Amino acid sequence: MNKDFLKYQAQTTPHPLGLEVVKAEGSYIFTSDGQKHLDFVAGVSATSLGHCHPEVIKAIKEQADKYLHVMVYGEYSQAPAVAFSKLLADNLPQPLKKVYLVNSGTEAIEGSLKLARRATGRTQLIAAKSAYHGNTMGSLSLMNFEERQKPFRPLIGDIDFIEFNNEQDLNEITENTAAVILETIQGGGGFIQPKDQYLKKVKSRCEEVGALLILDEIQPGFGRTGKLFGFQNYDVVPDIMAIGKGMGGGLPVGAFVASEKLMDLLSNNPKMGHITTFGGNPLIAAACHATLKTILETELMAATLEKEKRFRELLVHPLISEIRGKGLMLAAIVKSEEIANKIILDCKEKGLILFWLLFEKKAVRITPPLTISMEEIEEGCGIIIEALNKIETKA
């Protein structure tokens with residue numbers, strides 16, 4: 001299978017990990033060699049309820065027997081999309097009450113940027129250094145890494161950058177600014193949390209000058225930080241929220257959410273200010289509804305904080321500098337990039353799936369399903385410590 005994978009599918013890196021997947025269930029992925037792999041990555045924070053959660057599978061099967069795609073987004077009333085949007089809005093603070101369903105997190109970012117420019121009549125966008133919001137042209141334009149941007153220029157213009165958590169940079173937000181877009185917790189940059197009420201101060205500055213605050217909740221959203229959304233930990237509410245990854249229980253989806261007043265701007269002048277064929281797909285919306293309902297009706301959100309505590313207790317080693325993040329959005333920061341690479345590859349051979357972060361090369365991603373058990377946490381952390389001991393001994 002790997003030969004055909006490399007021959008017929010476009011690759012994202014020269015050396016993919018190449019696990020030949022035959023099945024996935026709960027916290028485990030099973031491969032063609034008969035091995036099972038404990039998953040500490042959850043499809044990069046996407047499979048919130050683990051692999052093939054019974055409620056998600058049930059919702060998909062029930063909807064598959066009724067209908068699939070029937071019309072482009074926004075024309076027909078379809079029960080799964082309506083039910084999900086209502087349940088989401090009912091569990092969000094004002095003014096986040098209207099949902100635009102799209103196909104991915106990066107499309108949610110694109111829609112958010114368009115909405116901000118449409119609403120304010122301004123063009124300048126301000127993003128954070130070391131940010132990652134996706135890889136389509138608009139999202140890529142928000143990334144201040146020349147190595148990644150240079151081959152694709154020209155990108156969209158009038159974008160400036162500030163340093164995350166640097167209050168002095170807030171003066172860069174002016175009456176020319178349409179929106180400031182930030183990850184609630186910086187992901188690719190190293191799972192960096194806002195400190196000293198930073199997000200609240202950004203929102204205050206935006207209000208002073210008439211700019212909008214867009215928060216990217218694509219990674220921290222849907223219970224991963226102990227709250228339904230990360231911003232609820234930091235006493236701030238964005239004007240626009242972008243979501244994705246964990247909302248679909250393992251299916252591809254995204255959305256952006258704003259007030260009714262803001263969102264209605266996309267329906268006129270021009271009509272179809274944003275349009276997507278498959279956004280709100282009934283099969284995917286059914287999975288989203290089942291995922292959200294399960295997160296809301298169980299103790300999974302609260303349990304993430306206890307599970308975080310257990311990770312922090314177990315992952316103590318001379319080669320680990322710190323554990324960053326919140327809830328089950330964690331990164332072990334080790335002493336060097338080489339050590340991070342060795343841990344990830346050695347653990348893969350021992351049946352534990354870990355992964356890298358995009359920009360912070362000394363980080364080891366730990367973002368398991370919210371459903372992971374304490375026993376599985378202990379099993380996986382034991383494998384990590386074993387890998388670290390092996391590296392330390394050789395050194």
Side-chain angles (χ1 to χ4, degrees), residues 9-16 44-46 102-118 120 122-166 168-174 176-192 194 198 202 206 211-220 238 240-245 252 254 256 274 276 324 331 333 337 340-341 355-363 365:
Q9 281 190 250
Q11 303 301 305
T12 53
T13 67
H15 305 289
V44 188
S45 305
V102 293
N103 299 285
S104 66
T106 195
E107 189 188 353
I109 296 296
E110 301 286 337
S112 299
L113 300 182
K114 290 167 68 179
L115 178 56
R117 283 185 167 176
R118 170 69 178 83
T120 63
R122 304 173 183 178
T123 58
Q124 186 199 37
L125 300 166
I126 293 180
K129 297 172 184 177
S130 301
Y132 180 76
H133 298 284
N135 241 355
T136 48
M137 292 298 279
S139 299
L140 182 62
S141 302
L142 302 170
M143 188 190 308
N144 72 319
F145 280 80
E146 181 63 17
E147 176 188 346
R148 300 189 69 83
Q149 289 185 326
K150 186 177 179 180
F152 308 108
R153 291 188 183 280
L155 302 172
I156 70 169
D158 208 0
I159 294 178
D160 294 290
F161 295 93
I162 60 177
E163 186 178 346
F164 195 78
N165 278 329
N166 184 336
Q168 291 184 337
D169 281 3
L170 299 187
N171 291 323
E172 301 298 316
I173 306 167
T174 70
N176 297 319
T177 307
V180 178
I181 177 166
L182 300 170
E183 297 161 276
T184 306
I185 297 174
Q186 283 203 312
F191 286 19
I192 299 168
Y198 174 70
V202 175
C206 286
L212 300 179
L213 174 62
I214 303 169
L215 286 184
D216 179 342
E217 284 278 346
I218 294 166
Q219 284 203 68
I240 306 171
M241 174 179 73
I243 52 179
K245 285 193 183 294
F256 55 107
H274 190 73
T276 176
R324 290 188 194 156
I333 309 299
E337 178 181 349
N341 291 337
F355 209 59
W356 295 267
L357 295 187
L358 192 58
F359 304 129
E360 175 51 82
K361 301 301 183 183
K362 294 185 290 184
R365 170 186 284 274

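As a basis for the values below, the full set of heavy atoms in this structure was taken, side chains included, without hydrogen atoms, waters or symmetry mates. Just so we're clear, the structure is a prediction, and the values are computed from it rather than from any experiment.
Residues I109 and A242 share a closest heavy-atom pair of CD1-CB, 3.7 Å. Contact between M241 and P238 at its shortest, heavy atoms only, is CB-CG, 4.1 Å. N165 and P194 make their closest contact through OD1-CA, 3.3 Å (heavy atoms, listed as atom of the first residue, atom of the second, distance). Here the closest heavy-atom approach between residue F359 and residue A131 is recorded as CE1-O, 3.4 Å. Considering every non-hydrogen atom in both S139 and T106, the closest pair reads OG-OG1, 2.8 Å. Here the closest non-hydrogen pair linking R122 and N176 is CB-O, 3.6 Å.
Between atom NZ of residue K361 and atom CG of residue L358 there is a gap of 6.0 Å, rounded to the nearest 0.5 Å. One finds the CG atom of L357 at 5.0 Å from the CZ atom of F191 (value rounded to the nearest 0.5 Å). To the nearest 0.5 Å, atom CG of residue L113 and atom CG of residue L212 are 11.0 Å apart. Taking CG from L182 and CG from L213, the interatomic distance works out to 6.0 Å, rounded to the nearest 0.5 Å. Atoms OG1 and CG, from T177 and D158 in turn, are 8.5 Å apart once rounded to the nearest 0.5 Å. The CD1 atom of I218 lies 12.0 Å from the CZ atom of F256; values are rounded to the nearest 0.5 Å.
Distance alone, capped at 3.5 Å, is enough to place a donor-acceptor pair between the S141 side chain and the M137 backbone. The backbone N or O of T123 lies less than 3.5 Å from a partner atom in the side chain of R117, making a donor-acceptor pair.
Taking 4.5 Å as the limit, some side-chain heavy atom of L155 sits within range of a side-chain heavy atom of Q149. Proximity of H133 to E183: side-chain heavy atoms (C-beta onward) are separated by under 4.5 Å at one or more points. Side chains of F161 and D169 form no contact here, defined as non-hydrogen atoms less than 4.5 Å apart. Side-chain contact between M143 and N135: present, with at least one pair of heavy atoms (C-beta onward) separated by less than 4.5 Å. No side-chain heavy atom of T184 sits under 4.5 Å from any side-chain heavy atom of Q219. The side-chain heavy atoms of L170 and Y198, taken from C-beta on, include a pair separated by under 4.5 Å. The side-chain heavy atoms of N166 and K129, taken from C-beta on, include no pair separated by under 4.5 Å. Using a 4.5 Å heavy-atom threshold, the side chains of F145 and S130 count as touching.
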Test side chain to side chain contact (heavy atoms under 4.5 Å, CB included) on L125 and I181; report intermediate values, then the result.
CA-CA 7 Å; L125 300 166; I181 177 166; 5.5 Å; no
Test log, rule side chain to side chain contact (heavy atoms under 4.5 Å, CB included), inputs E360 and I192:
CA-CA 10 Å; E360 175 51 82; I192 299 168; over 6 Å; no
Should T174 and Q124 be marked as a side chain to side chain contact (heavy atoms under 4.5 Å, CB included) after you check the CA-CA gap, both sets of side-chain angles, and the distance that decides it?
CA-CA 9 Å; T174 70; Q124 186 199 37; 4.3 Å; yes
Run the side chain to side chain contact (heavy atoms under 4.5 Å, CB included) test on R365 and V44 for me, step by step, so that the C-alpha distance in whole Å, both residues' side-chain angles and the decisive distance to 0.1 Å come before the verdict.
CA-CA 9 Å; R365 170 186 284 274; V44 188; 3.6 Å; yes
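When I156, I159, I126, I214 are each tested for a side-chain contact (heavy atoms from CB on, under 4.5 Å) with L142, only one passes: I159.
Within 6.0 Å of CD in E146 there are more than 12 heavy atoms belonging to other residues, nucleotides or ligands. Summarising the local packing, CD of Q11 is surrounded by more than 12 heavy atoms from other residues, nucleotides or ligands at distances under 6.0 Å.
In this structure, a donor-acceptor pair under 3.5 Å is absent between the side chains of E110 and H274.
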